[in-house]
Amino acid sequence: MIKVAVAGAAGRMGQAVCEAVSGADDLELTGRADPALDVEVADVLGDADVLVDFTQPDQALDNARVAVEAGVHVVIGTSGFDVDRLSELRGANVLFCPNFAIGAVLMMQFAAEASRHMAKAEIIELHHDQKLDAPSGTAARTAGLMQGDVPIHSVRLPGLVAHQEVILGDVGQTLTIRHDSINRESFMPGVLLAIRKVGSLDRSPVIGLEHVL
Ligand SMILES: NC(=O)c1ccc[n+]([C@@H]2O[C@H](COP(=O)([O-])OP(=O)(O)OC[C@H]3O[C@@H](n4cnc5c(N)ncnc54)[C@H](O)[C@@H]3O)[C@@H](O)[C@H]2O)c1
């Protein structure tokens with residue numbers, strides 16, 4: 001059994017993760033940390049092998065630092081923090097996935113491949129209006145994997161979950177690669193996979209679900 005604690009357990013993603021972990025035969029939910037529950041991350045580390053963080057951009061790094069220094073591996077889903085600072089963390093393993101949806105990971109790989117063959121590209125990312133950061137972590141990561149300078153446009157509207165279009169253009173043609181997460185369950189198979197793999201990474205930090213697929 002892998003013992004799992006969740007930071008941001010009262011949030012939209014955290015609640016879905018708690019449910020998914022509770023439903024998995026090989027995982028045990030041992031702690032739920034969230035200011036809304038009056039439980040701090042430090043209070044749930046004693047019983048945990050892995051901490052899953054879905055909190056806020058200004059909290060994720062500190063939570064990860066406390067966990068790895070206590071010997072607890074960390075899976076980070078929070079976006080919008082300075083990813084370069086993950087390399088400062090010492091102790092247990094860190095796996096940061098800007099997007100846990102397997103279709104989104106494939107979209108990033110196809111976009112990277114297509115950008116080597118077409119003249120220009122732009123990204124439109126669309127999310128629900130409660131999302132704190134823009135551009136999304138997925139869009140920033142996609143652009144980083146692609147060739148050339150790729151502008152990103154962010155749309156925030158009620159009714160959306162998480163969507164992204166990569167549009168590539170060349171003489172007389174365009175190519176559009178689109179991914180839609182229609183609900184938060186779309187992220188759960190990837191989150192459970194990351195929890196199962198983070199303890200056996202051969203380096204840390206690792207960025208992207210594609211490294212453990
Ligand atoms: N990687 C992915 O696939 C993916 C998918 C969806 C959302 N996200 C990201 O996940 C993050 C959370 O999204 P959400 O929609 O669940 O947000 P949310 O606002 O619904 O939930 C965040 C929760 O974190 C709690 N929190 C704040 N500071 C904390 C701390 N120090 N310790 C513990 N808990 C703390 C808040 O009280 C809140 O309950 C965002 O950064 C979002 O962009 C990533």
Side-chain angles (χ1 to χ4, degrees), residues 4-21 29-45 48 50-67 70 72 74-83 86 94-108 125-142 152 154-164 179-195 197-198 205-213:
V4 183
V6 177
R12 286 174 288 257
M13 287 296 290
Q15 288 182 41
V17 173
C18 289
E19 239 174 76
V21 168
L29 182 66
T30 57
R32 301 169 190 245
D34 198 302
L37 304 172
D38 247 337
V39 181
E40 292 198 9
V41 167
D43 300 333
V44 298
L45 294 176
V50 176
L51 177 75
V52 181
D53 186 287
F54 279 98
T55 59
Q56 293 175 188
D58 59 351
Q59 302 292 315
L61 273 172
D62 285 341
N63 286 346
R65 179 174 297 108
V66 173
V72 175
V74 183
V75 171
I76 305 177
T78 308
S79 56
F81 65 92
D82 182 0
V83 177
L86 288 177
V94 178
L95 174 55
F96 166 55
C97 301
N99 201 315
F100 285 100
I102 289 166
V105 172
L106 295 173
M107 167 191 64
M108 290 188 242
E125 55 95 344
L126 311 91
H127 284 82
H128 60 89
D129 61 347
Q130 303 301 306
K131 185 171 174 62
L132 294 180
D133 54 318
S136 71
T138 300
R141 173 93 180 131
T142 310
I152 301 171
S154 300
V155 178
R156 297 287 175 267
L157 287 173
L160 295 169
V161 180
H163 319 261
Q164 178 166 299
H179 177 260
D180 297 275
S181 276
I182 56 171
N183 59 37
R184 290 184 177 82
E185 283 168 27
S186 65
F187 303 113
M188 293 308 127
V191 173
L192 298 187
L193 177 68
I195 292 170
K197 298 279 186 167
V198 67
V206 167
I207 297 167
L209 190 69
E210 62 273 23
H211 298 293
V212 296
L213 273 183

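Worth knowing before you read on, the calculation uses all heavy atoms, side chains too, and leaves out hydrogens, waters and symmetry mates. Since the structure is predicted, the reported quantities are computational estimates derived from the model, not experimental observations. We number each residue from 1, following the sequence as shown. Indexing begins at 1, ligand by ligand and atom by atom, following the structure's order.
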Next item on the list: Find out whether Leu86 and Phe81 are in side-chain contact, i.e. whether some heavy atom of one side chain is under 4.5 Å from a heavy atom of the other.
Entry: yes

Check: Would you call Glu19-Arg184 a salt bridge at under 4.0 Å N-O?
Finding: no

Margin query: Please tell me whether Thr142 and Gln164 have a donor and an acceptor in their side chains that are separated by less than 3.5 angstrom.
Written below: yes

Next item on the list: Tell me yes or no: between the side chains of Lys131 and Ser79, is some donor less than 3.5 Å from an acceptor?
Entry: yes

Check: Is there a donor-acceptor pair under 3.5 Å between the side chain of Glu125 and the backbone N or O of Ser136?
Finding: yes

Margin query: Suppose the criterion is salt bridge (Lys or Arg N to Asp or Glu O under 4.0 Å): which pairs have a residue in residues 31-42, not counting sequence neighbours?
Written below: none

Within the protein, flag every N or O under 3.5 Å from an N or O of ligand 1, and note the pair and distance.
unit_1: ligand 1; atom_1: 1 (N); unit_2: Gly77; atom_2: O; d: 3.1
unit_1: ligand 1; atom_1: 1 (N); unit_2: Cys97; atom_2: O; d: 2.9
unit_1: ligand 1; atom_1: 1 (N); unit_2: Pro98; atom_2: O; d: 3.1
unit_1: ligand 1; atom_1: 3 (O); unit_2: Phe100; atom_2: N; d: 2.9
unit_1: ligand 1; atom_1: 15 (O); unit_2: Arg12; atom_2: NE; d: 3.0
unit_1: ligand 1; atom_1: 15 (O); unit_2: Arg12; atom_2: NH2; d: 3.4
unit_1: ligand 1; atom_1: 16 (O); unit_2: Arg12; atom_2: N; d: 3.3
unit_1: ligand 1; atom_1: 16 (O); unit_2: Met13; atom_2: N; d: 2.8
unit_1: ligand 1; atom_1: 20 (O); unit_2: Arg12; atom_2: N; d: 2.9
unit_1: ligand 1; atom_1: 20 (O); unit_2: Arg12; atom_2: NE; d: 3.4
unit_1: ligand 1; atom_1: 20 (O); unit_2: Arg12; atom_2: NH2; d: 3.4
unit_1: ligand 1; atom_1: 31 (N); unit_2: Gln59; atom_2: OE1; d: 2.8
unit_1: ligand 1; atom_1: 34 (N); unit_2: Gly8; atom_2: N; d: 3.2
unit_1: ligand 1; atom_1: 37 (O); unit_2: Asp34; atom_2: OD1; d: 2.7
unit_1: ligand 1; atom_1: 39 (O); unit_2: Gly11; atom_2: N; d: 3.3
unit_1: ligand 1; atom_1: 39 (O); unit_2: Asp34; atom_2: OD1; d: 3.4
unit_1: ligand 1; atom_1: 39 (O); unit_2: Asp34; atom_2: OD2; d: 2.7
unit_1: ligand 1; atom_1: 41 (O); unit_2: Ser79; atom_2: N; d: 3.1
unit_1: ligand 1; atom_1: 43 (O); unit_2: Ser79; atom_2: OG; d: 2.9
unit_1: ligand 1; atom_1: 43 (O); unit_2: Lys131; atom_2: NZ; d: 2.9

